[in-house]
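Worksheet: the structure to be examined is printed underneath.
Quick note on labels: first sequence line is chain A, next is B, and so on, each numbered from 1. Remember, it's a predicted structure, so these values are computed and weren't measured experimentally.
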Amino acid sequence: MIFHHLILRVVTKLLVGTIILFALYVQFHGDFSPGGGFQAGVIMAVAFILYGIVFSLESVKKVFPEWLVHKILALGVLIYAGTGIATMLLGYDFLDYDAFAPLHPTHGQHWGLLAIEFGVGVTVTGVMVAIYYAFAGRPPSLTDEDW
Amino acid sequence: MIDTLTNTVLFVMLVLTALAIVRMERLFAVVMLSSVFSLLSALLFVTLDAVDVAFTEAAVGAGISTVLMLGTIALTKPIAKRSRHTAFVPLIVVCVTGAALVYGTLDMPAFGAYDAPAQMHVGPDYLARTPDDIDVPNVVTAILGSYRGYDTLGETAVVFTAGIGVLLLLSGLRRRREDEDEEV
């Protein structure tokens with residue numbers, strides 16, 4: 001069984017790291033190039049889903065356990081809303097990122113965008129992986145030959 | 001000229017893919033073709049310079065939803081059920097709806113028109129103010145994150161709710177089935 005889909009296994013091991021790296025690039029370079037939290041979250045989730053498809057659901061759950069997925073799903077929304085609360089505590093409007101650097105409003109905007117995009121990315125990664133786990137975790141009615 | 005050619009070729013391929021999907025019965029092929037459909041739409045978005053949208057379409061439409069569809073097939077059956085109804089009434093409904101939609105587009109501004117309403121109101125304002133207010137080169141990020149931060153928070157909440165909904169539906173069923181097994 002170890003040699004089952006050998007090429008897919010080798011190529012996946014090469015690709016997963018690259019995909020995660022690309023997701024991080026899209027996440028943190030979103031201010032300068034196309035993309036942002038949503039796209040980065042989806043790409044990050046794709047890395048885990050690809051690993052899960054080629055190896056097995058159990059092996060991907062060792063890397064990214066289900067309880068952790070359920071936690072980060074909510075964590076992202078908290079980061080986003082928390083950024084808004086933080087700006088309010090600093091005496092500005094909800095989600096007015098000027099609060100983070102009153103002397104350099106554009107710097108504050110950069111920090112704010114970075115924070116909320118991170119929140120979006122975390123939630124989207126969590127949701128996509130959670131949905132995949134929910135689908136793949138049910139016992140399939142088809143065997144490999146049925147396809 | 002080259003734009004028109006690209007758009008025409010892409011749209012023809014899009015329609016051909018859709019027709020092939022309708023004719024197919026093997027659901028594995030249907031899922032693969034719908035992935036192709038998404039990739040073609042992503043290419044169309046690129047020709048419209050909507051790179052962010054193309055990105056999303058390629059990742060979600062061609063990537064994740066294909067995986068989820070395959071997962072669904074694995075839980076159900078690989079062949080579509082033959083319909084016993086005639087296709088006549090649905091055909092009429094589709095034709096009438098299509099004609100209404102085409103009629104609706106006649107009032108819309110021409111493709112790529114500079115004086116389209118979408119280009120006239122807040123758009124130029126955002127473009128003019130972003131360098132001073134936000135100072136990021138990607139105006140899409142500036143609009144989504146700063147000018148429209150509330151909306152994006154709402155969208156994130158929607159994604160979160162959708163995820164919770166799917167989890168409740170699918171994991172709940174599994175637990176109930178396990179309970180039944182224990183009772184038996």
Structural part of B/Val140 lying under 4.5 Å from a heavy atom of chain A: neither
Flag, side chain of B/Thr141 to backbone of A/Gly30, donor-acceptor distance under 3.5 Å: yes
Heavy-atom side-chain contact between A/Leu113 and B/Ser146 under 4.5 Å: yes
Most contacts with chain B, counted as non-hydrogen pairs under 4.5 angstrom, among A/Val120, A/Ile131, A/Ile49, A/Val26: A/Ile131
Engaged part of A/His107 at the chain B interface, taking heavy atoms whose separation is under 4.5 Å: neither
Heavy-atom proximity to chain B below 4.5 Å, by part of A/Phe135: both
Side chain to side chain, A/Phe38 and B/Thr152, heavy atoms closer than 4.5 Å: no
Enclosure of B/Met32 CE (heavy-atom neighbours >12, cutoff 6.0 Å): yes
Which portion of A/Ala130 sits near chain B, non-hydrogen atoms under 4.5 angstrom: both
Within one Ile-Leu-Val-Met-Phe-Trp-Tyr cluster: B/Val46 and B/Leu10, side-chain cutoff 4.5 Å: no
Sub-4.5 Å side-chain heavy-atom contact between B/Asp52 and A/Gln39: yes
Cluster overlap A/Val46 with A/Val63, hydrophobic side-chain contacts below 4.5 Å: yes
Atom CG of B/Leu5: over 12 foreign heavy atoms under 6.0 Å: yes
Chain B contact via A/Thr83 - which portion, at a heavy-atom distance below 4.5 Å: neither
Contacting region of A/Ile53 [heavy-atom separation from chain B under 4.5 Å]: side chain
Cluster check A/Ile20, A/Tyr132: I/L/V/M/F/W/Y, side chain < 4.5 angstrom: yes
Nearest-0.5 Å distance that lies between atom CD1 in A/Ile116 and atom CG in B/Leu153: 8.5 Å
Rounded distance (nearest 0.5 Å) linking atom NE2 of A/His70 with atom CD1 of B/Ile164: 8.0 Å
Nearest heavy atoms of A/Ala74 and B/Phe160, plus distance in Å: CA-CE1, 3.5 Å
B/Tyr150 and A/Phe94 aromatic centres sub-6.0 Å: yes
Segment of A/Tyr97 engaging chain B (4.5 angstrom heavy-atom cut-off): side chain
Among A/Pro105, A/Ser33, A/Gly126, A/Pro34, residue most engaged with chain B (heavy-atom pairs, under 4.5 Å): A/Pro34
Verdict with reasoning, B/Phe55 to A/Ile43, per side-chain contact (heavy atoms from CB on, under 4.5 Å): CA-CA 10 Å; B/Phe55 223 137; A/Ile43 294 170; 3.6 Å; yes
same_hphob_cluster(B/Met13, B/Phe45) at 4.5 Å side-chain heavy-atom cutoff: no
Linked, directly or transitively: A/Val127 and A/Phe64 (ILVMFWY side chains, under 4.5 Å): yes
Atom pair CG/CG of B/Asp133 and A/Asp98 - distance to nearest 0.5 Å: 8.0 Å
Contact leader toward chain A among B/Leu144, B/Ile64, B/Val51, where contacts are heavy-atom pairs under 4.5 Å: B/Ile64
A/Gln109 and B/Val136: CA distance, side-chain angles, deciding distance, side-chain contact (heavy atoms from CB on, under 4.5 Å) verdict: CA-CA 9 Å; A/Gln109 293 286 341; B/Val136 293; over 6 Å; no
A/Leu73 portion near chain B, given a 4.5 angstrom heavy-atom threshold: both
Main-chain N/O of B/Leu167 paired to A/Tyr133 side chain as donor or acceptor, under 3.5 Å: no
